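Let me begin by presenting the structure, written as C-alpha cells, before commenting on it.
Source: prediction; values computed, not measured. Lettering follows sequence order; numbering is per chain, from 1.
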Number of protein chains: 2
Amino acid sequence: MAVTVKNVALHAGVSTATVSRVLNDDPGIRPATRSRVIESIKITGYRMNKAARSLKTSRTGTVGLLVPELVNDFFMTVAEGVEDILRTEGYGVILCNANEDVRYEADRISLLIEQCVDGVIIIPTSSEGSHFSSLSDAGIPVVMVDRMVNGFKADAVLADNINGAYSAMQNLISTGCRRFGFIGGSQELSNFRERFEGFKRALSDYGIPVEKDIIKFGNVHIDSGYNLMKELMSEANPPENVFIANYFLQVGATKFLIENSSAKTASIHIAGFDDMSLSSILGFSSITVSQPMMEMGRKAAEMLLERIEEQSALASAPPPPRLVRLKTTLIKH
Amino acid sequence: MAVTVKNVALHAGVSTATVSRVLNDDPGIRPATRSRVIESIKITGYRMNKAARSLKTSRTGTVGLLVPELVNDFFMTVAEGVEDILRTEGYGVILCNANEDVRYEADRISLLIEQCVDGVIIIPTSSEGSHFSSLSDAGIPVVMVDRMVNGFKADAVLADNINGAYSAMQNLISTGCRRFGFIGGSQELSNFRERFEGFKRALSDYGIPVEKDIIKFGNVHIDSGYNLMKELMSEANPPENVFIANYFLQVGATKFLIENSSAKTASIHIAGFDDMSLSSILGFSSITVSQPMMEMGRKAAEMLLERIEEQSALASAPPPPRLVRLKTTLIKH
DNA sequence: CTGTTAGCGCGTTCAA
DNA sequence: TTGAACGCGCTAACAG
C-alpha cells in the first residue's frame, strides 16, 4: 500500500488536515510546521492520490483533447499548444483519437465523462455536434478548435479562413494571375467552407468568373488531393494557378504532378493552406496561408481554463459562448 | 450533483450493492433484478464516477503514453497502435509530451504517478532511464518502445534495426553499389546506434571500406539532415549512395538536394528509414526500410496489459523483462 | 494556527 | 440472491 497523508501526518506529528493544508499551499500555517511536514513528505516518499482528491473536490486535474486523428501535423501542433498551457497549470491531457468517425467520437466522449475530466477541447471530426451535448449535460466545459458544428453551442477557436484564403488570392491576382482552379475538402466542414468562401469572394471582387469545371471537392486527405489534381489536369483547359485548401490535399496534388510531369503540369503554381515543416520541399508551391496552429491550441486551453474557473467559482448561469478568430499570415516562396 | 449508484438503487428499489454488482457483471444476480437495474441506469442517466472506483480498486483504467514530441508521424503512428488496443479494453490514454527534454520527461512521469495510471508506455527521449524507476517504485508497469535506455530495466518493443539497415545495404550492394555515405542520428540513442551497426556490418561483410569522411552524425531532425547532407556534398569526393537513418533526416537531406541541385546532387540515391505517407514524394529515394510502427504500438499495449493483469493477479515476483524485436520490411521505389 | 470529524461514490465483506 | 455497513485517501467545515 502506498504512503498516504496519514503516514505523513504521523511522521510529522501533526494531523492529516495540516498535511493537506501544506499540500494545497494553504497560507495559514506556521512556517516551522510547514517545513516539518514538507520534510516528512520527502522522507516518506509521499505522493498524492489524485483519485481520492477528485472524489472530494470533483475536479480531476485532467482535460480531454479529442482529435480526428493522431498522425496529422496540424492537429498535433494544436495539441502541443494545448499541452503547453495545460502542463504549466498542472493539468494532465487525455488525448483521444476519434478516428474520423462520429461513432468513435461519441464513444470517446463517454470515456472522458466517466474519467471525470474537468474540461474538453475538441477538434470536431464532422459537422455533427449533437453528441457533444452530453458533456454540457455533465457540466463539463467544451472548447472547439478549427471547426464549428451544428447542433451544439460552445466556445470556439478558429482561424480566419475567409480572409486567409482571400488574401492569398488577392496576392496572386496582384501578380497578374486571372484564372484559378480550386481543390477543397468536404464542404460539410466549416473551415473548408470558409476557405472556399474566401476564394469565391476574391474572384467576385476582382471580376473573375467562377469556372465550375476547375473547382473540385473531395475529403481532406492525400489520396483525395492526388485524385482531384488528376481530374483538374484532365480538363480541357486546366488552370495554371490552383488554390488548395489544406496541406494534405496539397501533398497529394503535388504527388500527382511529380508522377505525371508534362508541359501542362510544369507551369502549375499552387497556393496552399497550412505551413508545415515539410511545406518547403513541396514543389509547385508559390504561396501559403499559414494558420497559427500552436497559438490556436494555446488559446483554446486558456479559454477552457477560464471556463473551469468560472464554473468552480460562481454558480450563476455561465456567459454565452465565445468565438475567437485567429489571423493567418501569408508566406511567399 | 451527478447521479450516483445511490440514485439508481433508489430508482430500482434495490441496494447500492446490487447496482454495483450489475455494473461489474457479477454473475450471481437474478436476471429480472439485473434488467430492472439496467433500466434504471438508463432512465436516470447514470455514469460511473471512475475516481470513486479507483479509490476502492486502486486501478484507474488509464495508462500513460510518454513520447518525445507530438508533431512526429512516427511517434503518433505508434500512438495510434497503442490507442487502438487500449481503447477496446476500455482504457483511456494520457498522452504526455516530453518535449525532447529529460527534465520534462521526469516531470511528466511524476504527473502520471499522481494520476495513478495503471501502466506507462514510454518512447524514451534520451538514453537516460534512471528517472523511470520511480514508476517501478510506485508499482506501475512500464513498457518501452523504439529505444532502450541505461539505468532501467523493463519490457521493450523494438524494431530490428540492425537487420533492417543491413538488408537495405545488402540490396543496394546487390545492384552494384560499392560506396556509401551515412547520415545518422545521435549515437546516444539505441535505435540509431543499431542502424549504424547494421550499416557497418554490411560494409564489412562485403569488404567495403568504411570512409569516415562520408559518415555524418547529428540529431534526429530535419535541420540536421539538411546540414549533414550539405557537409557530405562538400566533401572532396561525395558518395552517390547515402544511407539515412530516419525519415526526418531524409526530409532535411532531400531539401538540401532540391535547393542545391547540380551535377553532383543529381546522381544521389538515398536509402532511408521509415515509410511515411509523404515518403513517396521525396525525390532521390531508392529504397526504404519500413518499421511496423502501428504494430509496435499494439504490441507494447498488449505487453502492458499483460503486466497489469499479472500484477493484479499474483503477488509474487514478476517475470523478468521481455524484449520483443519486430521485423522491418524493405520497400523499393 | 491546528485538530477533529464527516463524507465524496464506489466495491466489498458479512449476514440474512 | 440481496442488503447493510464499512472504508479507500483526501479535503472542507467547524471547533478549539
Checklist entry - Rounding to a whole Å, what distance do you find between B:R47:CZ and C:dC10:P? => result 13 Å
Checklist entry - Does a sphere of radius 6.0 Å around CZ in A:R325 hold more than 12 heavy atoms from other residues, nucleotides or ligands, not counting ones at 6.0 Å or beyond? => result yes
Item to check | Pairs touching residues 82-133 of chain B that satisfy ring pair (Phe, Tyr, Trp, His ring centres under 6.0 Å), sequence neighbours left out | outcome: B:F132-B:F152
Checklist outcome for this item: Rounded to whole Å, CG of A:D26 lies from P of D:dA13 at a distance of 12 Å
Checklist entry - In whole angstrom, what separates A:N49's CG from C:dC10's C1'? => result 14 Å
Item to check | Pairs touching residues 48-77 of chain A that satisfy salt bridge (Lys or Arg N to Asp or Glu O under 4.0 Å), sequence neighbours left out | outcome: A:K50-B:E114
Checklist entry - So, does A:S58 use its side chain to make a donor-acceptor pair with the main chain of A:S54 at under 3.5 Å? => result no
So which protein nitrogen or oxygen atoms get under 3.5 Å of nucleotides 1-3 of chain D's nitrogens or oxygens?
{"unit_1": "D:dT2", "atom_1": "OP1", "unit_2": "B:T33", "atom_2": "OG1", "d": "2.2"}
{"unit_1": "D:dT2", "atom_1": "OP2", "unit_2": "B:R30", "atom_2": "N", "d": "2.9"}
{"unit_1": "D:dG3", "atom_1": "OP2", "unit_2": "B:S15", "atom_2": "N", "d": "2.9"}
{"unit_1": "D:dG3", "atom_1": "OP2", "unit_2": "B:S15", "atom_2": "OG", "d": "3.1"}
{"unit_1": "D:dG3", "atom_1": "OP2", "unit_2": "B:T18", "atom_2": "OG1", "d": "2.4"}
{"unit_1": "D:dG3", "atom_1": "N7", "unit_2": "B:R21", "atom_2": "NH1", "d": "3.4"}
{"unit_1": "D:dG3", "atom_1": "O6", "unit_2": "B:R21", "atom_2": "NH2", "d": "2.6"}

Item to check | Separation of D:dA12 C1' from A:R59 CZ (nearest whole Å) | outcome: 15 Å
Next on the checklist: If you compare every side-chain N and O of B:S20 against the phosphate oxygens of C:dG11 (OP1, OP2), does one of them come in below 4.0 Å?
Outcome noted: yes
Next on the checklist: Distance check needed: C:dG11 P versus A:L55 CG, whole Å only.
Outcome noted: 12 Å
Next on the checklist: Quick one, A:V78 and A:V157 - any side-chain contact, counting heavy atoms below 4.5 Å?
Outcome noted: no
Item to check | Interatomic distance where NZ belongs to A:K6 and C1' belongs to C:dT4 [whole Å] | outcome: 13 Å
Item to check | Euclidean distance, atom CZ of residue A:R53 to atom C1' of C:dG7 [Å, nearest integer] | outcome: 17 Å
Checklist entry - End-to-end bend of the helix from C:dC1-D:dG16 to C:dA16-D:dT1 (five-pair axes, 10° rounding)? => result 40°
Can you give the donor-acceptor pairs under 3.5 Å from side chains of residues 140-149 of chain B to other protein atoms, not counting sequence neighbours?
{"unit_1": "B:D146", "atom_1": "OD2", "unit_2": "B:N191", "atom_2": "ND2", "d": "3.2"}
{"unit_1": "B:R147", "atom_1": "NH1", "unit_2": "B:P124", "atom_2": "O", "d": "2.8"}

Next on the checklist: Within the 4.5 Å heavy-atom criterion, are B:I109 and B:S134 side-chain neighbours or not?
Outcome noted: yes
Next on the checklist: Quick check on C:dG11: is either OP1 or OP2 less than 4.0 Å from any side-chain nitrogen or oxygen of B:N24?
Outcome noted: yes
Item to check | Whole angstrom value for the distance that separates P of C:dT2 from CG of A:L23 | outcome: 15 Å
Checklist entry - Of the nucleotides D:dC10, C:dG11, C:dC8, which has the atom closest to the B:K56 side chain? => result C:dG11
Checklist entry - Is there any salt bridge (Lys or Arg N to Asp or Glu O under 4.0 Å) pair reaching into residues 80-95 of chain B, and which pairs are they, with sequence neighbours excluded? => result A:R108-B:E83, B:E83-B:R87, B:D84-B:R87, B:D84-B:R298
Item to check | A:R322 (side chain) donor-acceptor with A:D155 (main chain) under 3.5 angstrom | outcome: no
